[in-house]
Each structure stands twice: as C-alpha cells, then as structure tokens.
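Here is the naming used below: chain letters follow the sequence lines, and residue numbers restart at 1 for every chain.
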There are 2 protein chains.
Amino acid sequence: MDDRDTRKRLLEGATELMTARSYQAVGVQAICDRAGVRKGSFYHFFSSKQALTLAAIDALWQWFRDRVLEPALAADRPPLERIERLFESIAEVQAARRSPEGGVAGCPFGNLALEMSTQDEAIRARLETVFAETEARLAATLAEARDTGALPGLDPAAAARALFAYIEGAVMLAKIHDDPTLIRELGRTARFALLGREGSPEAPAA
Amino acid sequence: MDDRDTRKRLLEGATELMTARSYQAVGVQAICDRAGVRKGSFYHFFSSKQALTLAAIDALWQWFRDRVLEPALAADRPPLERIERLFESIAEVQAARRSPEGGVAGCPFGNLALEMSTQDEAIRARLETVFAETEARLAATLAEARDTGALPGLDPAAAARALFAYIEGAVMLAKIHDDPTLIRELGRTARFALLGREGSPEAPAA
DNA sequence: CTGGCGGTTGACCGGTCGGTCTACTACCCT
DNA sequence: AGGGTAGTAGACCGACCGGTCAACCGCCAG
C-alpha cells in the first residue's frame, strides 16, 4: 500500500491525528490503524507513546522551520514585510489543513504545549526548545529591521518573544473561531503594533 | 467535611483539576473523589462530563470577569495603565495557582480551547462567547483610550482582538517556560507594541 | 544450509474510561 | 401518618487505554 517505511508512516500519521484531535484523544491503536500496522510494530520502533511524540515533535519542527519559517523570512524583501509574509504562510497552512470535521487545527506545538506541559516534563522541555529556536529566528529578522532603520532602538530578543506570543495567540483565535483568515488579519494589525502607528487599522468612518 | 452543596463542590473541584492537568486527563471518578462524592451523585447533577464542563466554564468566566477583568480595567486610572494592570493581575493569579507538580497552569479557557475545540462543538461554542465577551470588554477600554487621545485613530475592535491574542500568547509562554513573571514582562512590551515607540524596551547598551 | 536478526503478528494484561442502574435514605408537603 | 422526591450509595457495563509477550517470517551473512 504505502511503502514509506513503517517508522515514518507512524510518525506522520501520529502527527496528523494529534494535530486534528489532541494528544490524549489519539490512542496508540488509532495511530497503528492509520499506519496499517499492528501494535507490536509500534513498540518495535518506539518505546512508548511519549517517545514517538518526542520524535514527531522533532520531525515536525524540522519541516516547519525548513518549509514555512525560513521561506517566509527569506531575505528577498525588507524585514518587516517578511514578518507579514510569515502570518500569511501560517494562515495558508491552517486553511489547507482544515478538515470538514473539526475545522482549524491550530499550531501543533501550541496545542501540545497547553495540553501536556503540566503533565509530561519531557514533552514540555522539547517544546520549550522549539519555541526558543523559533524566537531566535524571529529575533534575527527583527535585529535586521532595527539595523536597517525600520525599528530603531528595538530590543530584538524582547520583541521576538512578544511577536511569538502574538503569533501563537493569533493561531489560537483562528482555531476557536474556526477561521484561518483571522491570522492574516491579525498579521496586518501586528504590522501596526510592531511598527507604531503606520499601517494602523483605520477607525470606521463614523 | 465540606458543606457547600455537592453541585458547587463538583464544579469547583473539576475546574481546579482540569486547569492543573487537562480535560481529558481528568476522569469523572477523579472529580468525584475530589468532591467526596460517589458517581451516582455526579450524574444526578450533570448529565455528562461535557455538561459539567459547560457549567464550569460559565462559573469560571463569571469569576474571572468579576474578580480579575473588571477590577483591573476599573476606571480609577488612565485606560492604558489599566491594561498594564490587567497583565499584572493575570501574572499574580498564575503565580498563586502555581503548583509544585506541574507548574504554571495557564489560561483555563485557552487550555480547554486548544485541547477540545476540534472535538467538542458545544465546548468550542461556549468558549467562543467567553472570548468574544472578553474582547468586547477590552475594546471598551481601548475606545476610551482613543477618545482621551492616548491612541488616536484606533479601531478598538481590531485592536482588542489583537490585544486578546497577545494576552493568550503571553500566558501560553508563561506556561511553557513555567515562569509567571513572563506575563508581566510581556505586558510591558505590549505597552510598547500598542502604544508605538513609547515605553519600548531599550536595546541593551552595546 | 544455517544461523541470527530486523520486523511483524495477534493474543493478552490490568486498569481506567464515561456512563447506567437499582436500591436506599432523608426530608418536605399534604 | 403517608407519599413523593432530591440526593446518595455502590455495584456494574462494554469499550478502550498504554503496554507486553512469545511466536513467527523472510532476508542476508557465514
């Protein structure tokens, strides 16, 4: 049927399932079914559900970094436009992943973080490093914005943390309102927020 | 032992347990144990775990509105200071609720939203109205800020949505880094973000 | 031809899940 | 005094949970 190796099928299926539902809502059996594999094989490759999850986090982070984060922040435009492009890319991913049942899935890392970080220290710690790396990447772009004069006097690390919080919040709102376009709209508002009054949303004519 | 009525004990215990762990990690049995009650009583008051959860959302929202949101946004200070005070209040609540095992619990509504909104439409819808009411309250304060000249030309609804996303993101970061003080720090950065360059974090002397 | 071994199978484990049911108690209304 | 009813108790349900295990298969190296 599907001749990617079993390990990869397990990893990808688990990622899809957990993103669409949640960690605890997806059983080992369901992951095996999706991969067309018996439970014994699961435990041949992974010592536990937690171990598979840690591996899935690593694989997904690699994908996100290489296929979403880096392309959006690529240096072919001014720094602040790259950040706006990142919101657009995330909105596209969320719109594409949207399923008839369940709607907008949200950020897999954020979902897992809120669900599991008080219950599973290993998962929490892994997600913390993913978040830190993302923040660092954002900080680099913001530093460039400062150095090219777009955001004079900015502390890139503090601003990156704030921007990252804002992005996760935006994806959360998209999930709860089941509307991926919110992310793009909030990206435009961020332009205002980060940049000061430029690009500020106009008050409706009244 | 505890002569508040059973229904209230069930509600409050469930809220505490679910906030500290997660919806799916807390069983009906655990909720009954915490309330010192047998399962039969649980199902006398609530038709299902979902029904109890909906009631708990309502009760918690009422508490949060009356004891955190309204006091923080009370009109005894200029609008923008009230918003900074809101970050501080939330940071305090998170610090107080922090438990040895598990650490910062995060926003109960946000936690539940990310965990359950693709799996339980009734819960999603209830949380959506809570989020909308919170946004509306923020919008009122931001409108006042605009009208008093602190944020001229602002669209309060759009800005409130952005601010709300930012707050939820800040609480998420506090949870994943297990550090409630992050919320206060991000509140100060928000001052910068919302207000333009004023209060902007200084670049470290270099 | 014969081991060894990566990979797979499917039955099986104790425990917990959300939820049901019947019986019983305690109190209020008449 | 009698009857209804709100509340409680506790045994019970089938389904599923994460995880284990012994047996087996086919391939490749010796």
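With A:Tyr23 as the aromatic partner, A:Lys49 meets the cation-pi criteria of under 6.0 angstrom to the ring centre and within 45 degrees of the ring axis.
Between B:Tyr166 and A:Tyr166, the ring planes lie tilted relative to each other; the angle falls in the 30° to 60° range.
Looking only at side-chain heavy atoms (C-beta outward), B:Leu17 and B:Arg21 come within less than 4.5 Å of each other.
Listed by chain and number, the residues in a side chain to side chain contact (heavy atoms under 4.5 Å, CB included) with B:Val130 are B:Ile57, B:Trp61, B:Phe109, B:Thr134 (sequence neighbours excluded).
Rounded to whole Å, atom P of D:dC16 lies 20 Å from atom CD of B:Gln29. When the C1' atom of D:dT8 is taken as reference, atom CZ of B:Arg9 falls 12 Å away, rounded to whole Å. Rounded to whole angstrom, the span from the CD atom of A:Gln24 across to the C1' atom of D:dC16 amounts to 15 Å.
Remark: the backbone N or O of A:Val104 is not paired with any side-chain donor or acceptor of A:Lys175 at under 3.5 angstrom.
A heavy atom lying under 4.0 Å from DNA chain C marks the following residues of residues 38-52 of chain B, by number: B:Lys39, B:Tyr43, B:Ser48, B:Lys49.
Of all non-hydrogen atoms in A:Ala113 and A:Ser117, the two that sit nearest each other are O-OG, 2.7 Å.
Put simply, B:Thr6 has a side-chain N or O that comes within less than 4.0 Å of OP1 or OP2 on D:dT8.
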